[in-house]
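Chain letters run A, B, ... following the sequence lines, proteins first, then strands; residues in each count from 1.
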There are 2 protein chains.
Amino acid sequence: MPVYQKIAKELEDDLRHKYQAGDYLPSESQLAKYFQVNRHTVRRAIDELVTAGLILRHQGKGNMVLRQPADYYLHAGAHFTGNLLEQGSLPRCEVLQSRTLVASERLARKLDCEPESKIIHLRTYRKMDGVPRTVIDHYLSDYSWWPVIKHFQSGSLHNFIKKELGVELERKSTRLRAQIPNTEYCRLLQINSSIPLLIIRTTNVIKGTEKVAEYSSSNTRSDVIELVMEH
Amino acid sequence: MPVYQKIAKELEDDLRHKYQAGDYLPSESQLAKYFQVNRHTVRRAIDELVTAGLILRHQGKGNMVLRQPADYYLHAGAHFTGNLLEQGSLPRCEVLQSRTLVASERLARKLDCEPESKIIHLRTYRKMDGVPRTVIDHYLSDYSWWPVIKHFQSGSLHNFIKKELGVELERKSTRLRAQIPNTEYCRLLQINSSIPLLIIRTTNVIKGTEKVAEYSSSNTRSDVIELVMEH
DNA sequence: ACGAATTTGTACGTATGTATG
DNA sequence: CCATACATACGTACAAATTCG
């Protein structure tokens with residue numbers, strides 16, 4: 001067995017006993033010194049763990065422990081279970097970035113507004129076990145909401161809008177697909193492209209009207225989720 | 001953009017125009033010379049394509065082209081769109097096999113019956129453009145239906161059951177996930193393992209009761225489908 | 001059957017870029 | 001601005017698998 005695989009095994013073992021989710025590994029240089037190998041070899045070993053979803057790389061910061069491999073083996077049976085109908089307004093999400101932008105052709109179509117018009121973009125994420133598992137892009141068609149929306153920090157976006165703007169949103173349609181993640185989502189969710197994403201796209205209207213207020217796209221690692229609908 | 005990503009892009013472009021599935025790329029050394037970079041850099045670029053499911057490495061032999069990314073670009077526009085709620089009783093499906101079997105632990109749990117009891121298994125498929133896109137496994141808990149069910153050939157299973165057995169089925173729950181296909185489904189759906197499956201599992205009860213009559217698992221190539229719910 | 005040439009796989013070393021605190 | 005840590009890239013060497021004479 002190659003050296004890097006041995007080190008990967010040993011590290012995986014350490015994850016189980018020495019570290020907890022959220023901890024940072026010793027730096028690659030330190031590990032290289034400890035294992036008496038080149039730093040590349042340690043990196044290769046850590047690559048294995050990243051691919052397995054156990055480690056998250058942070059440039060300039062360090063390699064974070066995502067979860068303990070004990071969880072790992074539960075996988076087959078122990079998926080996080082989400083409700084398909086709750087999806088649009090995740091109760092516990094945090095803002096990754098918020099900004100305004102000019103609507104592309106495609107977004108304008110989704111939001112039923114003019115191309116080139118200014119809209120709001122929020123990117124939020126949801127953690128499980130302290131780690132981002134879902135990244136959601138929200139696009140809001142009403143630019144006048146920006147002074148309020150820009151203060152949204154965490155919690156439920158829909159509740160925030162209801163409370164601060166007095167507007168209640170209602171889901172109009174849901175589209176669902178699975179796809180190999182692009183490089184951006186690979187980075188955000190720390191997976192490689194062997195793990196598909198489950199993508200849920202919803203259109204939300206202002207309650208009781210046909211006016212499209214929000215288009216959102218939620219992207220979840222498919223290895224940790226199973227969506228449920230009870231009829 | 002890093003050099004290795006540029007090279008990956010260029011190679012991906014070459015896959016579309018210069019190579020066919022089954023071809024071998026020039027050796028890494030040759031590519032390194034051509035791109036005027038170190039062999040490591042080429043390797044890193046090829047790693048990207050391997051991860052994307054486009055290339056297969058063969059030690060001592062070379063790097064084989066698996067498929068052309070041309071398939072990819074059909075995606076966006078050419079999706080089959082299915083309705084999530086129609087799922088249980090596909091109007092046009094054909095029987096691949098039908099048999100009886102003894103319920104495993106897992107199936108018994110799903111069907112709410114005793115392990116080791118005899119149940120019915122139907123495997124059906126649905127074609128689009130002449131190619132199987134969806135394979136559905138139906139498990140029926142009531143073995144006494146077998147003399148009737150075994151004559152089901154094509155059409156809608158639920159309609160058949162209603163007509164021939166006078167029993168109406170009703171969906172109780174739906175679970176949805178995405179997963180890399182196993183070898184059996186790769187064969188059935190004629191894909192390789194880089195295309196995820198969209199899996200919908202439903203539990204159906206006899207209308208108006210809590211009696212579970214059917215558990216079904218539908219497996220669709222995720223590159224040709226988008227599920228829709230209108231609310 | 002064997003060895004040489006080719007090709008990918010692993011490992012070491014070094015240097016520089018980029019993000020974080 | 002600086003130190004630290006990860007990211008990328010160059011170079012070299014040898015091991016392991018495959019092919020072919």
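The phosphate of dT8(C) (OP1 or OP2) has no side-chain N or O of Arg43(B) nearer than 4.0 angstrom. For the pair Asn38(A) and dG13(C), the criterion of a side-chain N or O lying under 4.0 Å from OP1 or OP2 is met. Distances shorter than 4.0 Å separate none of the side-chain N or O atoms of Asn63(B) from OP1 or OP2 on dT7(C). The phosphate of dG9(C) has OP1 or OP2 within less than 4.0 Å of a side-chain N or O from Arg57(B).
Atom pair Phe35(B):CZ and dA9(D):P shows a separation of 13 Å (rounding to whole Å applied). In this structure, the CD1 atom of Ile46(B) is 7 Å from the P atom of dT8(C), given to the nearest Å. The nearest whole Å value for the distance from the CG atom in Leu56(B) to the C1' atom in dG9(C) is 15 Å. In this structure, Arg39(B) atom CZ and dA13(D) atom P are separated by 14 Å, rounded to whole Å.
Here Arg44(B) lies in heavy-atom contact (under 4.0 Å) with sugar-phosphate atoms only.
When all heavy atoms are compared, the tightest approach of Glu214(A) to Leu111(A) is C-CD2, 3.9 Å.
Comparing dA17(D), dA11(C), dA9(D) by their nearest atom to the side chain of Thr41(A) picks out dA11(C).
Between His40(A) and Lys61(A), the residue anchored nearer the 5' end of DNA chain C, judged by the nucleotide with its closest heavy atom, is His40(A).
Judged by distance alone with a 3.5 Å cut-off, no donor-acceptor contact links the side chain of Glu28(A) to the base of dA5(D).
Tyr24(B) and His58(B) have tilted rings, their planes meeting at an angle from 30° to 60° on a 0 to 90° scale.
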